[in-house]
There are 2 protein chains.
Amino acid sequence: MGSPSSASDLPEPAVRRRTGGRGARVRGQVLAAVGELLVEDGFDRLTVDAVAARAGVHRTSVYRRWRDVGGLLADLLDSAADDSWGPPDTGSLEEDLLALNHEVFAALADGPSLTTVLIEASFRFDDAARALGHFWDDRHARSAPVVTRAAARGEVPAATDPRAVLVTATAPLYHELLLLRTAPDPALPRRAARAAAAAARAGAFADPAPGPDPGPAPEGG
Amino acid sequence: MGSPSSASDLPEPAVRRRTGGRGARVRGQVLAAVGELLVEDGFDRLTVDAVAARAGVHRTSVYRRWRDVGGLLADLLDSAADDSWGPPDTGSLEEDLLALNHEVFAALADGPSLTTVLIEASFRFDDAARALGHFWDDRHARSAPVVTRAAARGEVPAATDPRAVLVTATAPLYHELLLLRTAPDPALPRRAARAAAAAARAGAFADPAPGPDPGPAPEGG
């Protein structure tokens, strides 16, 4: 299960201060300021000047390195992709997916969070959209062992596509909480994890998948 | 399968002109103008004055009836909820879900559409968010027979929750195309439909659902 320090799908405001010299320290201060201001005021009111003031860094340094708000958002997301996050390993596909879903649920269900602000920003800043895509690519890649371990245990077919299982498990949470805006249902993480695991066991994510028109037999499946 | 006139998940710009007197005619003209301007310029540049000019309606009439841009967006979505849309009935749960997914995919995959613009607007206007929620509630309610018919045919358990199946089938499309912004994969509608149908057949959406801790036996399931 996720430890308290990784209980969110995206970096929480207190971005880790990095060791590695003055540049790294400034980056840590600036990105922490971005996260704090985003959660406090939303990205509509985020300015480079406000970030510089909060970070205690000269504004020309911020403009030189990050250029604009889009650059700051993109770097905030990039900084989350090189952290030490790793997926759960409970010994069961459904329980691993449930642990992942609890992290996503926590990030989305508790009112305005950095996650929801950054997703909103991604609709308006191409830089932020690309960075959010890279962040999720990174999380999907790191989480692939949840599925490959299940295949090794014989829980799911060997040809099961990890990314498709992960997207199927988490997508209903994003859909319900961000788009449909239903009240957070504590049963949702379990229901979505169970459905994705059941579909995976049935071979729905093995390619070529079984179905009404299965096509030629898989090789090495 | 969806007919060409219902090939989108949300109303396309040419909102149906209703019969029913001058008020209904003005509403049709104004909502058609909103849809056209949204797709052409995005909602950031949508103004009541531009809508009035495009619709050929006096601006005070628009202000009086719709108040502001949020009111216009909300009414555009409400107008879609009372159309004649109905779900497919192919005789198979997976094929019905596939037909629904083809409609969602068409609305999301073809670059900026009214659907994507309205979803973006929902992040910034509470009126639009509420109206989008009502629109989806309406579509889920109308699509419930896809699942209840499958239950009647014995394809899925009788206690299967229609809404959970529908959300599971469509959510990966919204997630991939709107949030992850992956290139549209023509195999996605089938993969998501197959996964939702497989999970439903396995009882993942029957409540209380089978699983590691099934709880007491269901009554009337």
Side-chain angles (χ1 to χ4, degrees), chain A residues 42 44 92 94-95 98 116-117 119-124 126 129-130 132-137 140 161 163-176 178-182 185 187-188 190-205 207-213, chain B residues 42 44 92 94-95 98 116-117 119-124 126 129-130 132-137 140 161 163-176 178-182 185 187-188 190-205 207-213:
Chain A
D44 270 329
S92 143
E94 180 175 328
E95 297 304 314
L98 176 64
T116 56
V117 171
I119 289 171
E120 188 182 346
S122 77
F123 278 91
R124 298 180 63 200
D126 285 344
R130 271 189 296 273
L132 197 54
H134 292 157
F135 173 82
W136 271 317
D137 283 348
H140 289 145
D161 176 31
R163 188 177 178 288
V165 177
L166 295 163
V167 167
T168 300
T170 56
L173 278 65
Y174 289 99
H175 198 56
E176 291 279 10
L178 283 184
L179 296 187
L180 304 180
R181 312 221 181 175
T182 43
D185 174 1
L188 177 59
R190 166 70 74 185
R191 191 167 62 235
R194 173 189 293 137
R201 284 192 298 268
F205 307 110
D207 196 21
D213 48 353
Chain B
D44 269 329
S92 144
E94 180 176 326
E95 297 304 315
L98 176 63
T116 55
V117 170
I119 290 170
E120 188 183 345
S122 77
F123 279 92
R124 297 180 65 201
D126 285 343
R130 269 190 296 273
L132 197 54
H134 292 158
F135 173 82
W136 272 317
D137 283 347
H140 288 144
D161 176 31
R163 189 177 177 287
V165 177
L166 295 163
V167 167
T168 300
T170 55
L173 279 65
Y174 290 100
H175 198 56
E176 291 279 11
L178 283 183
L179 296 186
L180 304 181
R181 311 221 182 174
T182 44
D185 175 359
L188 177 58
R190 166 70 73 185
R191 189 167 64 236
R194 173 188 293 135
R201 283 193 298 267
F205 307 110
D207 196 21
D213 49 351

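Proteins come first, then strands; the chains are lettered A, B, ... in the order of their sequence lines, and each starts at number 1. All values below were derived from every heavy atom in this structure, side-chain atoms included, with hydrogens, water molecules and symmetry-related copies excluded.
Counting heavy-atom pairs closer than 4.5 Å to chain B, the top residue among A:Arg163, A:Arg201, A:Arg130, A:Arg191 is A:Arg163.
Put simply, the residue from B:Leu178, B:Val167, B:Leu132, B:Leu179 that forms a side chain to side chain contact (heavy atoms under 4.5 Å, CB included) with A:Leu179 is B:Leu178.
Judged by the 6.0 Å and 45° rule, B:Arg181 forms no cation-pi pair with A:Phe135.
Taking all atoms of both residues into account, the shortest heavy-atom contact from A:Ala195 to B:Ala204 is CA-CB, 3.8 Å. Shortest non-hydrogen contact noted between A:Tyr174 and B:His175 is CD1-CE1, 3.0 Å.
When heavy atoms are compared at a cutoff of 4.5 Å, B:Thr170 approaches chain A solely by way of its side chain, counted from C-beta outward.
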